[in-house]
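Just so you know, residue 1 is the first one in the sequence shown, and it goes up from there. Just the heavy atoms: all of them, side chains too, but no hydrogens, waters or symmetry mates, feed the values below.
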Amino acid sequence: MRHTTIAALGLALTATAHAAPSPGQTFFTQNCASCHTVDNKLSPLAGPGLFNVVNRKAASAPNFNYTDALAKAGAAGKTWTRAELDIFLRDPNKDVPGTAMPIGVADAKQRAAVIAYLATQTGQAAAPAAAATKTSTDQAGAWTGDKPGDLHHIKPHELIKPYASDSAGNGPKLAPRPNGAMPAVPPGFTVSIYADKLGKPRLPLRAPNGDIFLSEAAKGQITILRSKDGQQADTVSVYASGLSRPYGMALWPADKPQYLYVANVNSVVRYPYSAGDLKARGEPETVIEKISDTSGGHVTRTIAFSKDGKTLYLSVGSATNVAAGIGARPPQPLAQWEAKYGVGAAWGEETERAAVLAFDADGKNRRAYANGLRNCVGMLVHPTTGELFCSVNERDELGDNLPPDYITRVKAGGFYGWPWYYIGANEDPRLQGIRPDLKNKAIVPDTLIQPHSAPLGMVVYQSPKGARHAFPTAYEGDIFLALHGSWNRGTRTGYKVVRVFMKNGVPTGQYQDFMTGMVLSDRDVWGRPAAVEVAADGALLVVDDGGGVVWRIAPQK
């Protein structure tokens, strides 16, 4: 059997209500339902169900891979009273260090509303679902075969059919790193710890003086790592706090930055900046007041500036898996809608979602740039060609090996398929016949990645001038990409850093495993690569938000 979609869950929460949803229900639907259900008849694919959660013992929902940290808290007697939920939701990692819960609810009124809503969600647990009848026998991309140097080339014409296997709920159990365990890297390279005990860092950004900015969405802050010798961070300091799920960052202008731009979940702000600043100079200036009318679902917002510095690109992931509830037609005539929002633009709760938007550097002159990119988490402008690139998390619930995630150049006015098509003209069976006009307009991405690998942050490797630890010249111009790892594939995949091969600034379609070794079993992992950056000395920094570590990879001397 196939799992009921999270999109259907969201519809059920609203469509069956006899009155307007409460603030707590609305917040839950928009921000929590992509991982958790409150319906005792449905099984979530990612997080444990939250019906009967108030006064329930922590880590006690059946059939879920809780982290060791939360399981230990439950064994010690932690119970989800209203007071305990309030403490946990304010800052999950502070309350239970090591929890997999990525985001807190900083606003006290929103926390209270969510807890009040959860207190109403009760019922008797449904009988366990029958075991899946169709499992994948294709071990391509499985963690058991990962090792540095392995080559991969997934070809668009070789895709399997939808539902060749059942969808899985196989979230990782985050385990402590075993004593002495280190990631595996290719011969000729060494790996070490640049910084650790960082909580859940997400995206790095190198400043002109070599400082490394880190966005920490769960804490609502930007952190700076500073190193005297480049080998490890000597100081870790808070640059700015009080932000709303900050993720993407960019310095502008590139030659001599005057501002640090930060993308919150539903706004973009900037701070005056001068190289060497360790603290923000006052309150942030709001550049983009509102990104979209909805902020739930995918909440990472990535920003990048065009090579000439005149255009600010902003990626906005979809609100749902496959837009099942938006209907067959937009609220305006289709031609009028697409004239405003671009070819292939979705509507309803997906308006200006699954898209890249463009603005002038001051946040004005808002316009559509590209559509159909379900969740462009990694985004960059190629430093040589000036082309925009996205790494994209594709849709779920079509089986273990469909559709591939991908990395691609993004063309102005381009449409990349979501939600009606994937990897070109392959129609999603759940939305069959709705947009036949788009079939031949969906662009085939450049490099396909093993499905459900969850590609996130990426960087073009360019050796900084005078770098003492530059990579061999064969790596110059290739892209390093972090694969955060699967949570809904029967056999785990991802949890590694890969090298995407390029030729004259264009992806060749091949990629290669570069850093592996963070998976212990098909249940347990001790690290999750979230992003990469090139340090001032040429070393590659890998942000691991599962272990709270920044790894440093450099050639052996």
Colleague: Is there a side chain to side chain donor-acceptor pair (under 3.5 Å) between N401 and Q450 once you walk through the steps?
Modeller: CA-CA 7 Å; N401 293 303; Q450 171 63 44; 3.1 Å; yes
Colleague: Which distance, rounded to the nearest 0.5 Å, do you find between the CD of E397 and the CG of D166?
Modeller: 11.5 Å
Colleague: Checking S244 side chain against V265 main chain: does a donor-acceptor pair fall under 3.5 Å?
Modeller: no
Colleague: So that I know where these two stand, are Y259 and Y273 an aromatic pair - ring centroids less than 6.0 Å apart?
Modeller: no
Colleague: Taking V316's backbone N and O only, do any of them form a donor-acceptor pair with R301's side chain (distance below 3.5 Å, no angle check)?
Modeller: no
Colleague: Whether the E350 and T320 side chains hold a donor-acceptor pair (N or O, under 3.5 Å, no angle test) is what I'd like checked.
Modeller: yes
Colleague: Looking at SG of C390 and CE of M379, how far apart are the two atoms once the value is rounded to the nearest 0.5 Å?
Modeller: 6.0 Å
Colleague: Which is it for E216 and T223 under the side chain to side chain donor-acceptor pair (under 3.5 Å) test, yes or no, and what are the steps along the way?
Modeller: CA-CA 7 Å; E216 297 197 65; T223 300; 2.5 Å; yes
Colleague: Report the C-alpha distance between Y406 and Y422 in whole Å, list the side-chain angles of each, state the deciding distance to 0.1 Å, and finish with yes or no for ring-ring contact (aromatic ring centres under 6.0 Å, His included).
Modeller: CA-CA 11 Å; Y406 59 86; Y422 59 88; over 10 Å; no
Colleague: Okay, side chain of T302, backbone of G378: is any donor-acceptor separation there less than 3.5 Å?
Modeller: no
Colleague: To the nearest 0.5 Å, tell me how far S241 OG sits from Q221 CD.
Modeller: 6.5 Å
Colleague: Check whether any side-chain N or O of T286 sits under 3.5 Å from a backbone N or O of E289 as a donor-acceptor pair, and report yes or no.
Modeller: no
Colleague: List the steps, then state whether side chain to side chain contact (heavy atoms under 4.5 Å, CB included) holds for I303 with L312.
Modeller: CA-CA 7 Å; I303 53 178; L312 171 63; 4.0 Å; yes
Colleague: Measure across V497 and P529 and return the closest heavy-atom pair with its distance rounded to 0.1 Å.
Modeller: CG2-CB, 4.0 Å
Colleague: Looking at every heavy atom in both P246 and S215, which two are closest together, and how far apart are they?
Modeller: O-CB, 3.7 Å
Colleague: Inspect the contact between R492 and D146 and indicate whether a charged nitrogen and a carboxylate oxygen are less than 4.0 angstrom apart.
Modeller: no
Colleague: Evaluate side chain to side chain donor-acceptor pair (under 3.5 Å) for N393 paired with D405, printing each intermediate quantity in order.
Modeller: CA-CA 5 Å; N393 287 212; D405 295 326; 5.3 Å; no
Colleague: Would you indicate whether K72, at its atom NZ, is surrounded by more than 12 heavy atoms from other residues, nucleotides or ligands within a distance under 6.0 Å?
Modeller: no
Colleague: If I take atom CG from residue D544 and atom CE from residue M518, how far apart are they, to the nearest 0.5 angstrom?
Modeller: 4.0 Å
Colleague: Please report the shortest heavy-atom distance between L214 and P201, naming the atom on each side.
Modeller: CD1-CB, 3.9 Å
Colleague: Quick one: closest heavy-atom pair of M249 and P204, and the distance?
Modeller: CE-C, 4.2 Å
Colleague: Working to the nearest 0.5 Å, report the span between OG1 of T493 and CG of D400.
Modeller: 10.0 Å
Colleague: Do L50 and T37 touch side chain to side chain, with heavy atoms closer than 4.5 Å?
Modeller: no
Colleague: Under a plain distance cut-off of 3.5 Å, with no hydrogens placed, do S267 and N264 share a side-chain donor-acceptor pair?
Modeller: yes
Colleague: Could you check if a side-chain atom of Q232 sits within less than 4.5 angstrom of a side-chain atom of D196, using non-hydrogen atoms only?
Modeller: no
Colleague: Between R395 and D428, is there a salt bridge with N-O shorter than 4.0 Å?
Modeller: yes
Colleague: Ignoring hydrogens and angles, tell me if any N or O in the side chain of S453 forms a donor-acceptor pair with the backbone of I449 under 3.5 Å.
Modeller: no
Colleague: Side chain to side chain donor-acceptor pair (under 3.5 Å) between T294 and R353: does it pass, once the steps are laid out?
Modeller: CA-CA 9 Å; T294 57; R353 305 289 299 262; 2.8 Å; yes
Colleague: Do T79 and R56 pair up side chain to side chain, a donor and an acceptor below 3.5 Å, judged on atom types alone?
Modeller: no
Colleague: Taking the side chain as C-beta and beyond, is there a heavy-atom pair between K57 and K78 under 4.5 Å?
Modeller: no
Colleague: Is the closest side-chain heavy-atom distance between Y313 and L357 below 4.5 Å?
Modeller: no
Colleague: Checking L541 against W551 for the side chain to side chain contact (heavy atoms under 4.5 Å, CB included) test, could you report, in this order, the C-alpha distance in whole Å, the side-chain angles of both residues, the deciding distance, and whether it holds?
Modeller: CA-CA 6 Å; L541 302 181; W551 301 97; over 6 Å; no
Colleague: May I ask you to say whether D86 pairs ionically with R90, meaning some side-chain N is under 4.0 Å from a carboxylate O?
Modeller: yes
Colleague: State plainly whether the residues E285 and R270 are in salt-bridge range, i.e. N to O under 4.0 Å.
Modeller: yes
Colleague: Using a 3.5 Å distance criterion without hydrogens, assess whether the side chain of H36 forms a donor-acceptor pair with backbone atoms of G49.
Modeller: no
Colleague: Minimum heavy-atom separation for A142 and T491, please, with both atom names.
Modeller: CB-CG2, 3.5 Å
Colleague: May I ask you to decide if R226's main-chain N or O and D211's side chain share a donor-acceptor pair within less than 3.5 Å?
Modeller: no
Colleague: Do the side chains of L205 and L260 get nearer than 4.5 Å, heavy atoms only?
Modeller: yes
Colleague: Test your reading of the model: is there a side-chain donor-acceptor pair from W347 to the backbone of I326, 3.5 Å cut-off?
Modeller: yes
Colleague: Given V356 and L314, is the side chain to side chain contact (heavy atoms under 4.5 Å, CB included) satisfied, shown in steps?
Modeller: CA-CA 6 Å; V356 173; L314 169 66; over 6 Å; no
Colleague: Would you mind reporting whether T235 and L225 have side-chain heavy atoms less than 4.5 Å apart?
Modeller: no
Colleague: Is the backbone of N488 close enough, under 3.5 Å, to the side chain of N170 for a donor and an acceptor to pair up by distance?
Modeller: no
Colleague: Within a radius of less than 6.0 Å around CG of N55, do more than 12 heavy atoms belonging to other residues, nucleotides or ligands occur?
Modeller: yes
Colleague: How far apart are the C-alpha atoms of E352 and R366, what are their side-chain angles, what is the distance that settles it, and do they pass the side chain to side chain contact (heavy atoms under 4.5 Å, CB included) test?
Modeller: CA-CA 11 Å; E352 294 188 295; R366 181 183 186 127; 3.1 Å; yes
Colleague: If only atom types and distance count, is the side chain of R552 paired as donor or acceptor with the main-chain N or O of L540 below 3.5 Å?
Modeller: no
Colleague: Can you tell if the side chain of V550 reaches within under 4.5 Å of the side chain of I212, non-hydrogen atoms only?
Modeller: no
Colleague: Using 4.0 Å as the upper bound for N to carboxylate O, is an ion pair formed by K200 and D545?
Modeller: no
Colleague: Would you check if R177 and M182 make a side-chain contact, meaning some heavy-atom pair closer than 4.5 Å?
Modeller: yes
Colleague: Flag the pair Y271 / Y239 as yes when their ring centroid distance falls below 6.0 Å, and as no otherwise.
Modeller: yes
Colleague: Any Lys/Arg nitrogen of D107 or K109 sitting under 4.0 Å from an Asp/Glu carboxylate oxygen of the other?
Modeller: no
Colleague: Taking NZ, NE, NH1 and NH2 as the nitrogens, is one of them in D513 or K496 under 4.0 Å from a carboxylate oxygen of the other?
Modeller: yes
Colleague: Distance check, rounded to the nearest 0.5 Å: W487 atom CH2 versus H452 atom NE2?
Modeller: 8.5 Å
Colleague: Which atoms form the tightest heavy-atom contact between A71 and A59, and what is the distance?
Modeller: CA-CB, 3.8 Å
